[in-house]
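Letters go in sequence order (proteins before strands), and every chain restarts at 1.
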Protein chains: 2
Amino acid sequence: MVSTPVPDPKMLDCPALVTIQLVSGKWKTRVLWHLRQGGAGFGDLRRAMPGISAKVLTEHLDALVADGLLARTESLEGKVLHTRYRFSDYGFTLIPVLDALGSWGLNHAERAAGHRFP
Amino acid sequence: MVSTPVPDPKMLDCPALVTIQLVSGKWKTRVLWHLRQGGAGFGDLRRAMPGISAKVLTEHLDALVADGLLARTESLEGKVLHTRYRFSDYGFTLIPVLDALGSWGLNHAERAAGHRFP
DNA sequence: GCAAGGAGTTACCCGATGGTGAGTACCCCG
DNA sequence: CGGGGTACTCACCATCGGGTAACTCCTTGC
């Protein structure tokens, strides 16, 4: 599992690492980014992120749910199982942080696109 | 190399990932965290972070310098080479983001320490 | 001469992360 | 009945980040 039930003490001298552990992984931020616009099903997420495999998506979702950032809701529409993933209340508190990462990253991308470190 | 010269286009649909790439790695945040309190030499950093090997520290520092977050200054004190690592001006702009990660992480650590997801 | 400290480099190994392809189970549609 | 959709699981691989240990090069001090 990729989750971090209880952050190991070594991290506490660097609390930023705790957050990074929860969010790092090739697709985790992308999943979170996509779910910002509202909940989605497993298949929605697959389609939204071409390249991810079912296995890895499952792993990442499980980790995010286990860490309390996402909530999973299963429902039967007709008789077909539908699973919906969305931010939990706790997960919402992470959004400002993700936004900070996002806007800095966007700025960095622009900067790096042109010239190297002017 | 662990650096991300020009962020690959796939990341741009998730700018947060750009930032995370720069900062993820077992020791990168710890290096940055330590350097927040002022510049330090190679040996200072090794001593400050028991467990890191010279190789990995070199790799991480190289990556952080290549990404423009840190600046390396070499000086000869007497005839001995001293290398000093510190935040670059650009690196400073990342500090608020690291603080956001840090305070959220600290909060998460407290939350996880007691009960699981109350 | 030899240890010790500063600043790395090199070769090699290991385990976690992620990718592939197939298979499962259930249901709906034509 | 076949094809397609939802939601996964399983077995197997490949890559890569990180760890280990040894080795370089240079200078200062006993």
Side-chain angles (χ1 to χ4, degrees), chain A residues 1-5 8 10-11 14 17 20-31 34-35 39-67 70-86, chain B residues 1-5 8 10-11 14 17 20-31 34-35 39-67 70-86:
Chain A
M1 188 159 306
V2 204
S3 77
T4 312
D8 98 56
K10 277 230 165 178
M11 278 179 206
C14 179
L17 194 49
I20 292 207
Q21 294 292 342
L22 298 187
V23 150
S24 68
K26 193 168 175 186
W27 303 93
K28 280 207 196 139
T29 46
R30 286 198 269 245
V31 169
H34 190 82
L35 289 177
F42 188 88
D44 298 329
L45 290 169
R46 287 203 70 176
R47 262 167 261 120
M49 297 180 294
I52 197 172
S53 67
K55 190 199 79 171
V56 174
L57 181 52
T58 310
E59 284 171 0
H60 282 39
L61 290 171
D62 285 352
L64 291 166
V65 169
D67 287 327
L70 297 186
R72 169 191 277 128
T73 354
E74 308 200 328
S75 61
L76 288 171
E77 297 179 12
K79 285 202 174 177
V80 182
L81 178 66
H82 271 254
T83 316
R84 191 154 199 79
Y85 294 91
R86 54 191 168 69
Chain B
M1 188 160 304
V2 204
S3 77
T4 313
D8 99 55
K10 278 230 165 178
M11 277 179 205
C14 180
L17 193 49
I20 293 208
Q21 293 292 341
L22 298 187
V23 152
S24 67
K26 192 168 175 187
W27 303 93
K28 279 207 197 140
T29 46
R30 287 196 268 243
V31 169
H34 189 83
L35 289 177
F42 188 88
D44 298 330
L45 290 169
R46 286 202 71 176
R47 262 167 261 120
M49 297 179 293
I52 196 171
S53 66
K55 189 199 81 169
V56 173
L57 182 52
T58 311
E59 282 171 1
H60 282 42
L61 289 171
D62 286 351
L64 291 166
V65 169
D67 286 328
L70 296 186
R72 168 190 278 126
T73 353
E74 308 200 329
S75 61
L76 288 172
E77 295 178 14
K79 286 201 173 179
V80 181
L81 177 67
H82 270 255
T83 316
R84 191 153 199 79
Y85 294 91
R86 54 190 169 69

(message) Please determine whether side chain to side chain contact (heavy atoms under 4.5 Å, CB included) holds for the pair Leu64(A) and Leu35(A), giving the CA-CA distance in whole Å, both sets of side-chain angles, and the decisive distance to 0.1 Å.
(response) CA-CA 12 Å; Leu64(A) 291 166; Leu35(A) 289 177; over 6 Å; no

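Distance Glu59(A) CD to dT17(C) C1': 8 Å, rounded to the nearest Å. Taking atom CG of residue Leu17(A) and atom P of nucleotide dG18(D), one finds them 11 Å apart after rounding to whole Å. Rounded to a whole Å, the NZ atom of Lys26(B) is 8 Å from the C1' atom of dG19(D). Put simply, CD1 on Ile52(A) is 11 Å from C1' on dG19(C), counting in whole angstrom units. To the nearest angstrom, C1' of dG18(C) lies 13 Å from CD of Gln21(B). In this entry the distance linking CD of Glu77(A) with P of dC28(C) reads 12 Å, nearest Å. For the pair Lys79(B) NZ and dA7(C) C1', the interatomic distance rounds to 18 Å; values are reported in whole Å. Spacing between atom CZ of Arg30(B) and atom P of dG18(D) amounts to 11 Å, rounded to whole angstrom units.
Nucleic acid contact for Gly25(A): sugar-phosphate only, since backbone atoms but no base atoms lie under 4.0 Å from a heavy atom of the residue.
Taken from NE2 in His34(B) to CZ in Arg47(B), the straight-line distance is 9.5 Å, to the nearest 0.5 Å.
Residue Val56(A) has its side chain nearest to dG19(C) when only dG19(C), dG19(D), dC28(C) are considered.
Taking both residues in full, the closest heavy atoms of Ile52(B) and Arg46(B) are given as O-NH2, 3.9 Å, listed atom of the first, atom of the second, then distance.
When side chains are defined from C-beta on, Arg84(B) counts as touching Thr73(B), because their heavy atoms get closer than 4.5 Å. You'll find the side chain of Asp44(B) stays beyond 4.5 Å of the side chain of Tyr85(B), heavy atoms only. Taking 4.5 Å as the limit, some side-chain heavy atom of Phe42(B) sits within range of a side-chain heavy atom of Leu57(B).
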Find every protein N or O atom lying less than 3.5 Å from an N or O atom of nucleotides 4-10 of chain D, and list the pairs.
residue : atom : partner  : partner atom : Å
dT6(D)  : OP1  : Arg47(A) : NH2          : 2.9
dT6(D)  : OP2  : Arg47(A) : NH2          : 2.9
dA7(D)  : OP1  : Thr83(A) : N            : 2.5
dA7(D)  : OP1  : Thr83(A) : O            : 3.4
dA7(D)  : OP2  : Phe42(A) : N            : 3.4
dA7(D)  : OP2  : Gly43(A) : N            : 3.3
dC8(D)  : OP2  : Thr83(A) : OG1          : 3.4
dC8(D)  : OP2  : Tyr85(A) : OH           : 3.1

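His60(A) contributes a side-chain N or O that, together with a main-chain N or O of Val56(A), makes up a donor-acceptor pair within less than 3.5 Å.
Using a 4.0 Å cut-off, some side-chain N or O of His60(B) falls inside it from OP1 or OP2 of dG18(D).
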